[in-house]
Amino acid sequence: MQVRQLHPWPTTVAEAESIQDRLRERVELAGPDTFTLVAGLDVHYHGDDRLTAAVVVLDAVSLEPVARAVVHGRVAFPYVPGLFAFRELPALVEALEELSVTPDLLVCDGYGLAHPRGFGLACHLGVLTGLPALGVGKTPFVGSHETPAPERGAWTPIVHDGVTVGRALRTQDGVKPVYVSQGHRISLDTATEQVLRLATRYRLPEPIRQADHLARHPG
DNA sequence: GCGACAG
DNA sequence: ATCTTGTCGC
């Protein structure tokens, strides 16, 4: 698939933050509520600055894999909380461009709206591709939330500066919640519903688990 | 002011 | 993210 180049690559923290502030205005918080091809994206790090990015596309109904791509690269930006996306964005974009099919939902390993400037990795990938995107975080990042009930499907809102920016969602009975937020062209209800539907057996949704597996064991 | 801070 | 043993549970 094709991915647009919407900005020059930042060199400094200030440049990266200004890109986020500018692209944030392009985020759309509504979109389709059914999908046919869902992509999971993840990155595995090795050594000082080497990384492997993987994308796995699943049939949205059967969850059978239909396409995959792996790209080896280097960390593209130092790790700064809030600017995490810039570390792995180029490799993830390359992997998406290698795909033989175009997914209609990106399930990203990280945050979307639940971000200090309201523009996490899931928003960034959504805006660059124009595709619906959502973020799944494994630890709380911004805002505050109550602990959801222990049953699968239970959730509580994540509130930041008085605004709901995501949900803490229990994807299996008795497991730690995951943190769901909108990336682009998706409602919070739909993002929650998709994460729950895609987390068939484990805490994390299948597309992310399979991308994680592929990034760790390429070839 | 200091620490904490997605992965 | 990654560095790592044991341990608990299915």
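Residue numbers begin at 1 in each chain, while the letters A, B, ... track the order of the sequences.
- The stretch residues 8-40 of chain A participates, sequence neighbours left out, in these ring-ring contact (aromatic ring centres under 6.0 Å, His included) pairs: A/Trp9-A/Phe86.
- Taking the centre of each ring, A/His7 and A/His124 come in below the 6.0 Å mark.
- In DNA chain C, consecutive stretches of 3 or more Watson-Crick or G-U wobble pairs with both distances under 3.5 Å do not occur.
- Within the structure, the side-chain hydrogen bond (donor to acceptor under 3.5 Å, both in side chains) test picks out the following pairs touching residues 91-104 of chain A (sequence neighbours left out): A/Thr36-A/Asp104.
- A/Thr156 places a side-chain N or O within donor-acceptor distance of the main-chain N or O of A/Glu146, the cut-off being under 3.5 Å.
- Using a 4.0 Å heavy-atom distance criterion, A/Arg216 is classed as a sugar-phosphate-only contact.
- The main-chain N or O of A/Ala149 is found under 3.5 Å from a side-chain atom of A/Arg170 such that the two form a donor-acceptor pair.
- Residue pairs meeting the ring-ring contact (aromatic ring centres under 6.0 Å, His included) criterion with at least one partner in residues 157-193 of chain A, sequence neighbours excluded, are A/His145-A/Tyr179.
- Each salt bridge (Lys or Arg N to Asp or Glu O under 4.0 Å) pair with one or both residues in residues 45-70 of chain A, not counting sequence neighbours, appears once here: A/Asp49-A/Arg74.
- The salt bridge (Lys or Arg N to Asp or Glu O under 4.0 Å) analysis of residues 196-217 of chain A, with sequence neighbours excluded, yields the pairs A/Glu206-A/Arg209, A/Asp212-A/Arg216.
- Sorted by first then second residue, the salt bridge (Lys or Arg N to Asp or Glu O under 4.0 Å) pairs that include residues 16-33 of chain A, not counting sequence neighbours, are A/Glu17-A/Arg117, A/Asp21-A/Arg24.
- In DNA chain B, no stem built from three or more successive Watson-Crick or G-U pairs (distances below 3.5 Å) is found.
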(request) Summarise how protein sits on nucleotides 5-10 of chain C as a single string, 5' to 3': B when a protein heavy atom is under 4.0 Å from the base, S for sugar-phosphate-only contact, - for no contact. (result) ------

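- Of the possible polar contacts, one joining the A/His115 side chain to the A/Gly82 backbone as a donor-acceptor pair under 3.5 Å is found.
- Checked by atom type and distance alone, the side chain of A/Glu193 never pairs as donor or acceptor with a backbone atom of A/Asp189 at under 3.5 Å.
- Of the possible donor and acceptor atoms, none in the side chain of A/Arg87 sits under 3.5 Å from a partner among the backbone N and O of A/Ala76.
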(message) So if I define the base as every atom that isn't primed, P, OP1 or OP2, how would nucleotides 1-7 of chain B read as a B/S/- string at a heavy-atom cutoff under 4.0 Å?
(response) ----SBB

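- Not a single donor-acceptor pair under 3.5 Å links the side chain of A/Arg185 to the backbone N or O of A/Ala133.
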Please tabulate, one pair per line, all N/O donor-acceptor pairs under 3.5 Å involving side-chain atoms of residues 135-142 of chain A, not counting sequence neighbours.
from     : atom 1 : to       : atom 2 : distance (Å)
A/Lys138 : NZ     : A/Asp109 : OD1    : 2.8

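- Within a heavy-atom distance below 4.0 Å of DNA chain C, no residue of residues 164-176 of chain A is found.
- A side-chain donor-acceptor contact under 3.5 Å links A/Thr192 to the backbone of A/Leu188.
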